[in-house]
Amino acid sequence: MSIDTSPTTALTRTWYRDFRVWLLAALTLGLYLQTVTFDTIGLDDPVYVSQNQMVQQGLNTQTFAWAWTTQHFGFYHPITWLSHLVDVSLFGYHPGAFHAINSLLHLLNTLLVWAVITRLTGMRQRSWWIALIWAIHPLRVESVAWVAERKDVLCGLFSLLSLWFYACYLQRKRWQDYLGVTVMLILALLSKPMAVTLPCVMMLLDLWPGKRLGKTAVLEKLPWLVIAISYAGLTLWLKVGVGETVGMATLPWTYRIQNMLWAYGQYLLMSVCPIGLALPYLLDKHPLWQVIASTAVLLSITAWAVYRAKKQPYLIVGWLWFLGMLLPISGIFQTGQQSHADRFTYLPMIGLLVAVVWWLAESVRLPKLMKHNITRTVLVVVLLLLSFRQVSFWRNDISLFSHTLDATGYNPMAHHQLGVAYLQREQYKLAAIHLHATIEHVPNDPVLRQQLVEALIKLNLLDQAIEQLQWLAVHQSNDPNTHLRLAVLHYQQEGATPRVMAHLKKAIALAPQWDKPRIMLDQIQRESGTGNTVN
């Protein structure tokens, strides 16, 4: 398969007669359909599907209204909720069904990448290579194999449909196409806020291949910009409301800018060498030399793209597409604990691939080996093998987060997920090891302590369990369950002592309607012969 050297009319063949469609489908589905046997994971999936009581009801009048009104997790994405509800209505609650739909949506997005770029440029073969590499690149795995990232592939679907209508609008200037852009932009935003920069991508496409700079090109995008900015403001407001934004006192501007520059370098590095990908990459201090090196690379590529803009405008367009779409999630307005994430590259990487593929195709100074079919075939095989291995890690929590520890080293979030997973599987020794490792980094989380107590009790390490419960009694003094558990463990060790009675009375005082501490206290008093009972 050779790369085009001259434009062809976009989409001239009937799609089902083009073997490249079926090759894309075979490679994409062959890569991702292994996920139909996978479970959900413990990070975000419980909130979205596995423990979400509304989603598990399927689509009905009540859940339809809930999808349009809930602000779960600080997001307003009703289209994503509706897609999960439809899944449950069609297939029941089955993790494989969620995975299968994600895979099919990714395949549809892959075909849309090919169609959109072909429609914009007329270069069918180059566009096919972009779609293929984008589809099978290991950076796509997190977006597709993670059930909670249904919002990512849905946002990708509607964003690409919006770009398709915009490509049609560039050619035909019909109001129907303009309306299509608007509707699809809104649907993309209602799936995930990642689409807020989409109007800016359309401005870049005006530069190349549209070649239509001017007042009209800017004014026609004002409604789209207003929609995008309004939704960005809504998302930020919701995130602040649920406490997911990180304040300046915790992360000052200097750190945010350094992390942003470093993260851009990581995205480039992972695009070229997608090895050691993991979930999650937590915020950390980065070596200054890495920040400086990343900044130098970014400035050099930007300067080169600007220098070549007149003769090779696709370089600056693709590069700014990549940089611009990553900007909202670069950490300037930090939400969550991640420094960067594979899933954030889902749409931005298209721009990077456009720049690279067009440059490779039109550069006359590159060795022919870099353009040869054998070279491209080797690249595809390597990407497929890396991606297949990366997908396999998503089978369950233990395989995924064990890989995260291998890839990132000490990672408290991965330790916590492993601790909970082993606890659910009744592998209490491993659970205790990982929960201890988490508490070393997050010492003030009572949930972690409670989970560790469960593992320690099962291991009959009562002294250690009491130590954790005593911490909880100090820091969660109003929790009656903590006092009851302390009473039970002390009673097992020392019998009916005043300390046991005190904890039981404290539990009763905190929860007067709770029977368990009252029954235990009555029983102890009868056995000790005091003859007193608690009324």
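Each of Arg140, Arg343, Lys192 was compared with Asp152 under the salt bridge (Lys or Arg N to Asp or Glu O under 4.0 Å) criterion, and only Lys192 meets it. When each of Val55, Thr40, Asp44 is checked for a side chain to side chain contact (heavy atoms under 4.5 Å, CB included) with Ser50, only Thr40 meets the rule. For the side chain to side chain contact (heavy atoms under 4.5 Å, CB included) criterion with Val382, the lone passing option out of Val378, Leu379, Leu385 is Val378.
In this structure, Tyr48 contributes its side chain and Arg150 its backbone to no donor-acceptor pair below 3.5 Å. Not a single donor-acceptor pair under 3.5 Å links the side chain of Thr70 to the backbone N or O of Trp66. Checked by atom type and distance alone, the side chain of Asp87 never pairs as donor or acceptor with a backbone atom of Ala97 at under 3.5 Å. With Ser387 contributing its side chain and Leu384 its backbone, the two residues share no donor-acceptor pair below 3.5 Å. Between the side chain of Ser294 and the backbone N or O of Val291 there is no donor-acceptor pair closer than 3.5 Å. Although no hydrogens or angles enter the test, the distance criterion places no donor-acceptor pair under 3.5 Å between the side chain of Gln338 and the main chain of Leu283. Remark: the backbone N or O of Val144 is paired with a side-chain donor or acceptor of Asn102 at under 3.5 angstrom. Judged purely by atom type and a 3.5 angstrom limit, Thr404 has no side-chain atom pairing as donor or acceptor with the backbone of Ala278. Looking at Ser191, its side chain never comes within 3.5 Å of a backbone N or O of Thr80 through a donor-acceptor pair. Side chain of Ser162 to backbone of Met184: no donor-acceptor contact under 3.5 angstrom is found.
Residue-environment remark: OH (Tyr93) exceeds the threshold of 12 foreign heavy atoms within 6.0 Å. The number of heavy atoms from other shown groups lying within 6.0 Å of CZ (Arg389) does not exceed 12. Crowding of Lys211 atom NZ: a count of heavy atoms from other residues, nucleotides or ligands under 6.0 Å not exceeding 12. Dense packing is recorded around CD of Gln176, with more than 12 heavy atoms of other residues, nucleotides or ligands lying under 6.0 Å away.
In terms of heavy atoms, Pro199 sits closest to Lys221 at O-CD, 4.0 Å. Shortest non-hydrogen contact noted between Leu323 and Leu298 is CD2-CD2, 4.3 Å. Taking every heavy atom of both residues into account, Cys155 and Ala188 meet most closely at SG-O, 3.7 Å. Residue Gly156 comes nearest to Asn109 through the heavy atom pair C-OD1, 3.8 Å, listed as atom of the first residue, atom of the second, then distance. Between Ala228 and Val196, the closest heavy-atom pair is CB-O, 3.2 Å. Taking every heavy atom of both residues into account, Thr408 and Pro280 meet most closely at CG2-O, 4.4 Å.
By the 4.5 Å heavy-atom criterion applied to side chains, Leu160 and Ile350 are counted as neighbours. Using a 4.5 Å heavy-atom cutoff, the side chains of Leu59 and Val88 are not in contact. Looking only at side-chain heavy atoms (C-beta outward), Ser83 and Leu154 come within less than 4.5 Å of each other. Side-chain contact between Tyr231 and Leu190 is present, with heavy atoms from C-beta onward closer than 4.5 Å. Counting heavy atoms from C-beta on, the side chains of Trp358 and Ile117 come closer than 4.5 Å. For the pair Thr121/Arg126, no side-chain contact is recorded, criterion being any heavy-atom separation below 4.5 Å from C-beta on. Proximity of Leu82 to Trp68: side-chain heavy atoms (C-beta onward) are separated by under 4.5 Å at one or more points. Proximity of Val354 to Val317: side-chain heavy atoms (C-beta onward) are nowhere separated by under 4.5 Å.
Between Trp262 and His286, the two ring planes are parallel [angle under 30°; tilted spans 30° to 60°]. Ring geometry for Trp128 against Trp114 counts as perpendicular: the plane angle is over 60°, on a 0 to 90° scale with 30° as the lower cut. Ring pair His340/Tyr281 is parallel by interplanar angle, where below 30° counts as parallel and above 60° as perpendicular. Taking the six-membered ring for Trp and thresholds of 30 and 60 degrees, Trp134 and His106 have ring planes inclined between 30 and 60 degrees apart. By the 30° and 60° cut-offs, the orientation of the rings of Phe75 relative to His77 is parallel.
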Could you walk me through whether Leu386 and Leu277 pass the side-chain contact (heavy atoms from CB on, under 4.5 Å) check?
CA-CA 10 Å; Leu386 290 174; Leu277 306 182; over 6 Å; no
Determine, step by step, whether Asn396 and Phe38 satisfy the side-chain contact (heavy atoms from CB on, under 4.5 Å) criterion, reporting the C-alpha distance in whole Å, the side-chain angles of both residues, the deciding distance to 0.1 Å, and the verdict.
CA-CA 7 Å; Asn396 54 45; Phe38 291 4; over 6 Å; no
Before giving the answer on side-chain contact (heavy atoms from CB on, under 4.5 Å), spell out for Val272 and Leu268 the whole-Å C-alpha distance, their side-chain angles and the decisive distance to 0.1 Å.
CA-CA 6 Å; Val272 176; Leu268 279 175; 5.8 Å; no
Determine whether Leu279 and Ile41 satisfy the following criterion, side-chain contact (heavy atoms from CB on, under 4.5 Å), listing intermediate values before the conclusion.
CA-CA 11 Å; Leu279 172 77; Ile41 66 168; 4.1 Å; yes
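Tyr178 has its ring centre no less than 6.0 Å from the ring centre of Trp175.
Between the side chains of Glu149 and Tyr346, no donor N or O sits under 3.5 Å from an acceptor N or O. Asp45 and Trp146 share a side-chain donor-acceptor pair at under 3.5 Å.
With rounding to the nearest 0.5 angstrom, the OG1 atom of Thr35 is 10.0 Å from the CZ atom of Arg395. Here the SG atom belonging to Cys200 is positioned 12.0 Å from the CH2 atom belonging to Trp224, to the nearest 0.5 angstrom. The CG atom of Leu383 sits 5.0 Å away from the CD1 atom of Ile136 when rounded to the nearest 0.5 Å. Considering CE of Met203 and CG of Leu320, their distance stands at 13.0 Å, rounded to 0.5 Å. Expressed to the nearest 0.5 Å, how far CG of Leu179 lies from OH of Tyr169 amounts to 12.0 Å. Within the model, atoms CD1 of Ile229 and CG of Leu234 stand 14.0 Å from one another, a figure rounded to the nearest 0.5 Å.
By the 4.0 Å N-to-carboxylate-O rule, Lys311 lies too far from Glu362 to be salt-bridged with it.
A cation-pi arrangement is present between Arg376 and Trp129 under the rule of less than 6.0 angstrom and at most 45 degrees off the ring axis.
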